[in-house]
Protein chains: 2
Amino acid sequence: MNESEDRLDRAFLALADPVRRSLIARLSRGEATVNELAEPFVISKQAVSRHIQVLEAAGLITRTRDGQRRPCHLAPAALESLTAWIDTYRLIAERQYRRLDTVLNTMKEKES
Amino acid sequence: MNESEDRLDRAFLALADPVRRSLIARLSRGEATVNELAEPFVISKQAVSRHIQVLEAAGLITRTRDGQRRPCHLAPAALESLTAWIDTYRLIAERQYRRLDTVLNTMKEKES
DNA sequence: ACCGTAATCAACCTATCTGTTTATCAACTA
DNA sequence: TAGTTGATAAACAGATAGGTTGATTACGGT
């Protein structure tokens with residue numbers, strides 16, 4: 001039960017689809033229902049509905065109830081946890097590269 | 001030919017696997033060969049080799065040649081482009097939420 | 001109560017992912 | 001040159017992703 005690993009799996013997988021990224025982009029401008037979200041797409045509303053379920057299961061969006069509507073809202077905190085994961089390793093790697101640069105420059109100086 | 005969309009697809013999909021994320025974590029501490037990367041895993045070296053190909057196709061790592069070895073290096077720039085994408089929409093959404101808070105607070109003030 | 005609408009469920013199809021095993025390629029070493 | 005080692009290719013099997021269509025649930029309006 002690697003809960004946090006599973007969460008990362010689901011979140012990154014959720015973002016690995018252009019339709020779902022497009023839904024995220026749309027929701028960043030404010031809440032929207034399934035019908036509203038599905039409108040611009042060629043695929044069926046059912047397909048969009050399942051994309052939304054994927055995003056919700058990944059914790060990237062939340063849903064409220066308003067009569068028969070189920071408005072979707074973006075969950076910025078979940079997005080932040082993804083950038084946090086990525087940045088952890090990016091920053092370590094960048095430090096490595098800077099250190100390597102320093103070593104190379106030192107060697108070059110000693111040469112001359 | 002949505003090249004940049006395809007790149008995002010491949011990059012996020014590449015991160016949607018615990019083995020590949022583990023490889024990223026390892027590579028953040030410095031370059032490593034396929035054998036070195038495969039050693040801690042239970043799965044076969046061939047499987048790890050293909051995970052590495054996925055990471056390379058996604059642009060998340062690069063490879064050099066050193067005799068019969070093919071050392072892998074992390075590509076921080078690619079990771080940065082991912083955080084840039086996520087942060088774009090996260091920040092917009094956060095602004096939305098702050099604006100909503102402001103509206104709600106204003107309404108509360110007028111009430112009293 | 002009835003009808004329309006928002007949304008989902010269920011069954012099905014196809015393509016892709018991820019692992020395996022076996023075989024092959026390419027480079028170093030004695 | 002023969003043998004070893006790093007790495008990959010090829011072919012296969014099982015699981016899952018993502019689309020379709022048709023049926024169903026649940027709420028609202030008249």
Side-chain angles (χ1 to χ4, degrees), chain A residues 1-2 5-27 30-74, chain B residues 1-2 5-27 30-74:
Chain A
M1 65 140 95
N2 263 4
E5 282 291 293
D6 285 353
R7 288 186 69 88
L8 285 175
D9 281 7
R10 285 194 294 270
F12 281 124
L13 186 60
L15 292 183
D17 181 288
V19 171
R20 289 193 292 260
R21 283 198 307 277
S22 180
L23 294 174
I24 293 278
R26 165 66 186 81
L27 287 174
E31 70 166 41
T33 65
V34 175
N35 275 331
E36 292 165 348
L37 289 169
E39 196 271 330
F41 292 101
V42 177
I43 61 177
S44 69
K45 191 177 67 168
Q46 288 93 326
V48 173
S49 178
R50 291 213 294 197
H51 279 301
I52 291 170
Q53 288 175 51
V54 170
L55 289 169
E56 187 179 19
L60 298 179
I61 68 172
T62 59
R63 315 190 65 179
T64 51
R65 187 115 220 181
D66 171 27
Q68 50 190 152
R69 301 184 182 176
R70 315 282 298 276
C72 306
H73 319 259
L74 212 55
Chain B
M1 66 138 100
N2 263 4
E5 282 290 293
D6 284 354
R7 287 186 69 87
L8 285 175
D9 280 8
R10 285 194 294 270
F12 280 124
L13 186 61
L15 292 183
D17 181 289
V19 172
R20 288 192 293 259
R21 283 198 305 278
S22 181
L23 294 174
I24 292 280
R26 166 65 186 80
L27 288 175
E31 70 167 40
T33 65
V34 175
N35 275 332
E36 290 165 350
L37 289 169
E39 195 271 330
F41 292 100
V42 175
I43 61 177
S44 69
K45 191 178 67 169
Q46 288 91 330
V48 174
S49 178
R50 292 215 293 198
H51 279 300
I52 290 169
Q53 288 175 51
V54 171
L55 289 170
E56 187 180 18
L60 298 179
I61 69 172
T62 59
R63 316 191 64 179
T64 51
R65 187 114 219 181
D66 171 28
Q68 50 191 151
R69 300 185 182 175
R70 315 281 299 274
C72 306
H73 317 260
L74 212 55

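Naming: A, B, ... by sequence-line order, numbering from 1 per chain. Heavy-atom basis, side chains included; hydrogens, waters and symmetry copies ignored.
- Between A/R69 atom CZ and C/dT5 atom C1' there is a gap of 10 Å when expressed in whole angstrom units.
- One N or O on the side chain of B/R21 and one on the backbone of B/L15 form a donor-acceptor pair closer than 3.5 Å.
- Looking only at distances, no side-chain donor or acceptor of A/R10 sits under 3.5 Å from a matching main-chain atom of A/G59.
- In this structure, the nucleotide among D/dA7, D/dT21, D/dG18 sitting nearest to the side chain of A/S44 is D/dT21.
- The distance from atom CD of A/Q68 to atom P of D/dT25 is 16 Å, rounded to the nearest whole Å.
- Note on A/Q46: a base of the nucleic acid sits closer than 4.0 angstrom, heavy atoms only.
- Distance CG (A/D17) to C1' (D/dT16): 14 Å, rounded to an integer number of Å.
- Look at CG on B/D66: it is 13 Å from P on D/dG6, rounded to the nearest Å.
- Atom NZ in A/K45 sits about 18 Å away from atom C1' in D/dG18, given to the nearest Å.
- Residues A/N35 and B/L13 each lie close to DNA chain C; by heavy-atom proximity, the contact nearer the 5' end of the strand is made by A/N35.
- Each of A/R50 and A/E56 lies near DNA chain C, and the nucleotide nearest A/E56 is the one positioned closer to the 5' end.
- No side-chain heavy atom of A/T33 sits less than 4.5 Å from a side-chain heavy atom of A/D66.
- Side-chain N/O atoms of A/R65 include none lying less than 4.0 angstrom from OP1 or OP2 on C/dA7.
- One atom, CG of A/L55, and another, C1' of D/dA17, lie 14 Å apart when rounded to the nearest Å.
- Not one side-chain nitrogen or oxygen of B/H51 sits closer than 4.0 Å to the OP1 or OP2 atom of C/dC17.
- Side-chain N or O atoms of B/R7 include none that pairs as donor or acceptor with a backbone N or O of B/D9 at under 3.5 Å.
- Considering only side-chain N and O atoms, A/S49 lies nowhere under 4.0 angstrom from the phosphate OP1 or OP2 of C/dA7.
- Ranking D/dA7, D/dT20, C/dG19 by closeness to the A/A47 side chain, first place goes to D/dT20.
- Listed pair A/R63 / C/dT8 meets the phosphate criterion, a side-chain N or O lying under 4.0 Å from OP1 or OP2.
- Separating the CG atom of B/L23 from the P atom of D/dA7 is a distance of 13 Å, rounded to the nearest angstrom.
- Spacing between atom CG of A/D9 and atom P of D/dA15 amounts to 18 Å, rounded to whole angstrom units.
- Not a single donor-acceptor pair under 3.5 Å links the side chain of B/R69 to the backbone N or O of B/N35.
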